[in-house]
Q: 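Pasting in a structure now, in structure tokens, and then I'll have a few things to ask.
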Amino acid sequence: MTVILLLMACGGDRWEEVAPLPTARLHHALVAAGDGTVLAIGGYGPSNEALRSVDRYDPDADEWSSAAAMPAATTNAGVVALSDGTLLV
């Protein structure tokens, strides 16, 4: 499975390919965190297993890193970032 991530700047007129998501995911959640990063949360992995893992993307560095895993696997979740930076899944 090839994972390609595209980014468009606000007000931009073109898409740019950026660092690929390190964990192949399907039916995951994406959320913009208050610190300017983006989190990819849960979903299904390449073997159709539900995931607990979370990957964090830093658009300034164009790099992904691992974040704290969820206590339980989650798929098809909705996520919202609260004003204090807390994520509600």
Side-chain angles (χ1 to χ4, degrees):
M1 174 185 291
T2 301
V3 180
I4 297 172
L5 186 67
L6 300 172
L7 174 78
M8 180 187 288
C10 291
D13 61 357
R14 66 182 179 88
W15 290 94
E16 176 183 339
E17 189 171 332
V18 296
L21 189 62
T23 305
R25 299 171 185 273
L26 179 67
H27 299 290
H28 57 285
L30 286 176
V31 64
D35 62 359
T37 62
V38 176
L39 298 174
I41 300 170
Y44 291 105
S47 300
N48 208 30
E49 74 280 13
L51 300 174
R52 295 177 48 231
S53 62
V54 178
D55 292 319
R56 178 185 306 272
Y57 178 69
D58 179 347
D60 292 331
D62 190 26
E63 293 179 342
W64 287 91
S65 60
S66 294
M70 298 281 294
T74 183
T75 62
N76 299 298
V79 182
V80 63
L82 304 177
S83 61
D84 67 355
T86 302
L87 299 178
L88 182 60
V89 180

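All of these numbers come straight from a predicted model, not from anything done at the bench.
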Q: Can you name the closest pair of heavy atoms from Ala29 and Ala77 and give their distance?
A: CB-O, 3.5 Å
Q: Looking only at heavy atoms, what is the nearest atom pair of Ala40 and Leu21, with distance?
A: CB-CD1, 3.8 Å
Q: Who clusters with Ile41? Use side-chain heavy atoms, under 4.5 angstrom, across I, L, V, M, F, W and Y, and order the result by chain and number.
A: Val31, Leu39, Val54, Met70, Val79, Leu87, Val89
Q: Filter on side-chain hydrogen bond (donor to acceptor under 3.5 Å, both in side chains), then keep only pairs touching residues 62-71, sequence neighbours left out; what's left?
A: Tyr57-Asp62
Q: Strictly by salt bridge (Lys or Arg N to Asp or Glu O under 4.0 Å), give each pair with a member in residues 42-51 just once, sequence neighbours left out.
A: none
Q: Indicate if Val18 and Val38 have the same hydrophobic cluster label, given that clusters are the connected sets of ILVMFWY residues with side-chain heavy-atom separations under 4.5 angstrom.
A: yes
Q: Report the residues that fulfil side chain to side chain donor-acceptor pair (under 3.5 Å) with Thr37, sequence neighbours left out, ordered by chain and then residue number.
A: Asp35, Arg56
Q: Would you say the side-chain atoms of Arg25 pair up with the backbone N or O of Pro46, donor to acceptor, closer than 3.5 Å?
A: no
Q: Could you tell me which residues satisfy side chain to side chain contact (heavy atoms under 4.5 Å, CB included) with Ala69, sequence neighbours excluded, listed by chain and number?
A: Arg52
Q: At their closest point, which heavy atom of Thr23 faces which heavy atom of Ser53, and how far apart are they?
A: CG2-OG, 4.2 Å
Q: Can you list every pair that meets ring pair (Phe, Tyr, Trp, His ring centres under 6.0 Å) and has a residue in residues 27-53, with sequence neighbours left out?
A: none
Q: How close do Ala81 and Ala32 get, heavy atom to heavy atom, and via which atoms?
A: CB-O, 3.6 Å
Q: Under 4.5 Å side-chain heavy-atom separation, chaining through any Ile, Leu, Val, Met, Phe, Trp or Tyr, what else clusters with Leu88? Say none if it is isolated.
A: Val80, Leu82
Q: My understanding is that only residues two or more places apart in sequence, or in another chain, count here; which of them pass side chain to side chain donor-acceptor pair (under 3.5 Å) with Asp84?
A: Thr86
